[in-house]
Amino acid sequence: MQTVRLKVAFAGVIGGLSGLWLLSLAPDAWQQGFWETRATLVYGCGVLALGLMSVGVILAARPVWFETPLGGLDKFYRLHRWLGISALGFALAHWLLREGPSWITELGLVALPPKPAHPQEDAALGFDLFRDLKHPAAEVGEWALYALVVLVAIALWKRFPYKYFFWTHRLMPLVYLTLVFHAFILIDKSYWTKPLGPVLACLLIAGTVAAVTALFRRIGSSRKASGTIATLSLYDDNQMLEVGVRLETAWRGHEAGQFAFVDFDDAEAAHPFTISSSWQNDGLLMFSIKGLGDYTRSLAGSLHVGQGVVIEGPYGRFNFEDDSGRQIWIGGGVGVTPFIARLKQLVGGGQSNPVDLFYATDTPDPGFVAPIAQLARQSGIAFHVVDGSQGDRLTLEKLAALVPEWKQADVWFCGPSGFGDAMRRAMVAQGLPASRFHQESFEMR
């Protein structure tokens with residue numbers, strides 16, 4: 001259901017911009033000669049590239065009002081990625097359509113019709129500035145395209161270190177603003193009075209505001225709180241570091257399952273971590289951080305009690321809200337953290353509806369697992385540890401044997417995406433409605 005929602009939003013953006021562009025064309029736009037048709041396609045690919053990139057830049061500014069319709073920040077970062085790739089595709093098509101005829105002529109591949117002379121612009125109407133800026137606008141636009149290709153390639157290269165990706169991605173707003181200048185100078189002025197014009201203008205203005213916000217590092221500034229590290233606990237067997245943060249400024253509170261960006265005041269950028277504590281209005285937040293990469297593995301040796309921390313959030317809609325009553329929770333590795341927060345929230349009040357929590361891990365540290373089991377008992381929730389170190393694996397068959405009525409449940413999954421995708425496909429194939437499988441998409445690039 002969540003993926004369908006994102007696909008509908010993605011198709012809606014592309015379809016909406018394409019439809020407005022087609023409505024903005026002259027009735028005989030496709031009945032003219034080669035060069036006129038080529039110019040029409042150049043403009044079309046250009047405005048689609050810029051429109052899609054504008055929406056992507058707006059989403060990158062983390063507008064929280066999009067979280068509910070798109071299913072959470074983790075979901076619309078996926079949409080942001082799709083939009084970026086599509087914008088690059090249209091930008092390359094725009095460039096190829098513009099440059100391709102010259103290459104064809106130089107190589108002698110096809111005899112093209114003579115290019116018509118450009119009509120002289122009327123200086124008296126105030127077009128001198130635009131005319132004089134056309135050449136530099138075209139030049140910077142081409143260089144901005146090259147930069148866009150490199151930055152998108154880096155973003156898609158998963159092995160590129162996150163800290164360097166973060167710094168390179170900070171150039172993206174500058175590239176976007178350069179392309180806005182390129183488009184504003186070169187676009188046919190008649191477009192602004194057509195159906196596409198007002199929509200494109202609004203997207204460019206909103207995108208410009210978002211890009212400037214990013215350049216001045218003001219994204220999420222209204223949702224930040226500062227504090228210090230109060231506790232540190234390392235579970236060696238599963239390389240899980242539990243960090244307790246005592247907040248010193250106001251925090252708006254959070255729901256179980258939400259996450260925050262955490263800046264430990266080091267050389268790295270803020271990283272997203274799920275909050276593993278329920279909010280008790282006591283100024284204390286807990287984060288359970290798995291040592292999966294170079295940075296997270298180094299935290300146990302680099303953090304110390306009293307160290308300053310900046311928290312931005314909360315974000316996410318992994319909120320355990322559904323209509324079925326029966327729930328199955330699946331936490332893979334560090335993906336158990338939102339369920340720990342939910343258990344803490346339920347302690348004392350109990351759980352009226354049946355819930356089974358499956359914790360699949362290859363490194364079940366007893367000191368880490370025991371408090372979860374205790375919380376589950378106090379909340380009236382069935383807790384199952386699937387120990388991968390003993391060759392055990394959580395499959396649909398194993399789950400169904402323990403929870404025969406699983407098809408009547410809502411499934412909440414947090415963990416490795418491959419594991420979640422496989423479980424979702426298996427469950428949907430066996431009759432679970434796709435709308436009842438809720439999966440955290442914790443990939444921010």
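Worth saying up front: this structure is predicted, and the values here are computed from it rather than measured. Heavy atoms only: backbone and side chains are in, while hydrogens, waters and symmetry mates are out.
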Does the side chain of [X] come under 3.5 Å of the side chain of [Y] through a donor N or O and an acceptor N or O?
X: Tyr43; Y: Trp21; answer: no
X: Glu142; Y: Tyr146; answer: yes
X: Ser54; Y: Tyr176; answer: yes

How close do [X] and [Y] get, heavy atom to heavy atom, and via which atoms?
X: Thr178; Y: Ala144; answer: CG2-CB, 3.9 Å
X: Ile14; Y: Ser86; answer: CD1-OG, 4.3 Å
X: Tyr77; Y: Ala60; answer: OH-O, 4.0 Å
X: Leu432; Y: Ala409; answer: CD1-O, 3.5 Å
X: Glu440; Y: Gly257; answer: OE2-O, 3.8 Å
X: Ala210; Y: Val57; answer: CB-O, 3.7 Å

Pi-cation contact, Phe10 with Arg78 (under 6.0 Å, within 45°): no
With side-chain contact (heavy atoms from CB on, under 4.5 Å) as the criterion, how do Leu73 and Phe66 come out once you've worked through the C-alpha distance, each side chain's angles and the decisive distance to 0.1 Å? CA-CA 8 Å; Leu73 181 66; Phe66 281 147; over 6 Å; no
Any donor-acceptor pair under 3.5 Å linking the side chain of [X] with the backbone of [Y]?
X: Glu67; Y: Gly316; value: yes
X: Lys290; Y: Asn238; value: yes
X: Ser276; Y: Ile340; value: no
X: Arg436; Y: Lys407; value: yes
X: Lys194; Y: Leu25; value: no
X: Ser288; Y: Thr337; value: no
X: Gln430; Y: Met427; value: no
X: Gln307; Y: His304; value: yes
X: Gln258; Y: Glu255; value: yes
X: Thr168; Y: Phe165; value: yes

To the closest 0.5 Å, what do you measure between [atom1] ([X]) and [atom2] ([Y])?
X: Leu70; Y: Leu59; atom1: CG; atom2: CG; value: 7.0 Å
X: Leu179; Y: Leu145; atom1: CG; atom2: CG; value: 7.5 Å
X: Ser417; Y: Arg424; atom1: OG; atom2: CZ; value: 10.5 Å
X: Ser277; Y: Gln345; atom1: OG; atom2: CD; value: 10.5 Å
X: His254; Y: Thr274; atom1: NE2; atom2: OG1; value: 10.5 Å
X: Leu357; Y: Leu343; atom1: CG; atom2: CG; value: 6.0 Å

Where does the angle between the aromatic ring planes of [X] and [Y] fall among parallel (under 30°), tilted (30 to 60°) and perpendicular (over 60°)?
X: Phe437; Y: Phe413; answer: parallel
X: Phe339; Y: Phe318; answer: perpendicular
X: His438; Y: Trp412; answer: parallel
X: His271; Y: Phe273; answer: parallel

Are Leu247 and Leu284 close enough, and set up right, to give a side-chain contact (heavy atoms from CB on, under 4.5 Å), and what steps lead you there? CA-CA 6 Å; Leu247 297 177; Leu284 183 64; over 6 Å; no
Can the ring centroids of Phe358 and Trp329 be said to lie less than 6.0 angstrom from one another?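 Centroid distance Phe358-Trp329: not below 6.0 Å, so no.
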Report yes if some heavy atom in the side chain of [X] is under 4.5 Å from a heavy atom in the side chain of [Y]; otherwise report no.
X: Ile328; Y: Asp410; result: no
X: His384; Y: Leu394; result: no
X: Leu156; Y: Arg81; result: yes
X: Asp265; Y: Val310; result: no
X: Val243; Y: Ile229; result: yes
X: Val309; Y: Asp263; result: no
X: Thr363; Y: Ser389; result: no
X: Asp365; Y: Met240; result: no

Looking at [X] and [Y], does any basic side-chain N land under 4.0 Å from a carboxylate oxygen?
X: Arg62; Y: Glu312; value: yes
X: Asp282; Y: Arg246; value: no
X: Lys398; Y: Asp392; value: yes

Can you name the ring pair (Phe, Tyr, Trp, His ring centres under 6.0 Å) partners of Phe166, sequence neighbours left out?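 Here no residue qualifies.
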Trp95 meets the ring pair (Phe, Tyr, Trp, His ring centres under 6.0 Å) criterion, sequence neighbours left out, with Trp103
Please assess Phe320 against Gln327 for the test side-chain contact (heavy atoms from CB on, under 4.5 Å), listing each intermediate value before the final yes or no. CA-CA 9 Å; Phe320 304 94; Gln327 293 188 351; 4.2 Å; yes
Can you confirm whether more than 12 heavy atoms, excluding those of [X], are under 6.0 Å from its [atom1] atom?
X: Arg218; atom1: CZ; answer: no
X: Asp188; atom1: CG; answer: yes
X: Trp143; atom1: CH2; answer: no

Just one of Val42, Leu48, Leu50, Val47 clears the side-chain contact (heavy atoms from CB on, under 4.5 Å) bar with His94, so which one?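 So the option named by the test is Val42.
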Please evaluate residues Glu248 and Thr228 with respect to the criterion side-chain contact (heavy atoms from CB on, under 4.5 Å), reporting the C-alpha separation (whole Å), side-chain torsions for both, the decisive distance (0.1 Å), and the verdict. CA-CA 8 Å; Glu248 298 169 350; Thr228 57; 3.3 Å; yes
Assess the residue pair Arg326 and Asp356 against the criterion (salt bridge (charged side-chain N to carboxylate O under 4.0 Å, His left out)); give the C-alpha distance rounded to whole Å, side-chain angles, the decisive distance to 0.1 Å, and a yes or no. CA-CA 9 Å; Arg326 185 71 168 91; Asp356 283 79; 2.7 Å; yes
